[in-house]
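Only one structure is covered here, and it is reproduced in the block below.
On a predicted model such as this, the values are computed, not experimentally measured, just so you know. Position 1 is the first residue of the sequence, and the numbers go up from there. Below, all heavy atoms of this structure are taken into account, side chains as well, without hydrogens, waters or symmetry copies.
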Amino acid sequence: MSSTLIKHSHSKRRRNFLKIIMEMSRAAAAIKDSKKKISCRKLGGYLRQQKGRLYIIRRCVVMLLCWHD
């Protein structure tokens, strides 16, 4: 019975995390649409920033998926 409760809380955490990820991607898409022209230098900085954000998100997803209570 307790293993069912653990599985339920783990899946709930996963669903909440996926919901946050979806909201972040929608916000990123809205920001992307709002920017019309970006110079090459600004574009490079923006791409580095997004790469860093994706790295952090990927690490968090892996941590949450591999986390055992």
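With sequence neighbours excluded, the residues forming a side chain to side chain donor-acceptor pair (under 3.5 Å) with Arg59 are Tyr55, listed by chain and number. Under the side-chain contact (heavy atoms from CB on, under 4.5 Å) criterion, Ile57 pairs with Ile21, Met24, Val61, not counting sequence neighbours.
With rounding to the nearest 0.5 Å, the separation of NZ in Lys42 from CG in Leu47 is 14.0 Å.
Using a 4.5 Å cut-off on side-chain heavy atoms (C-beta onward), Tyr46 and Gln50 make contact.
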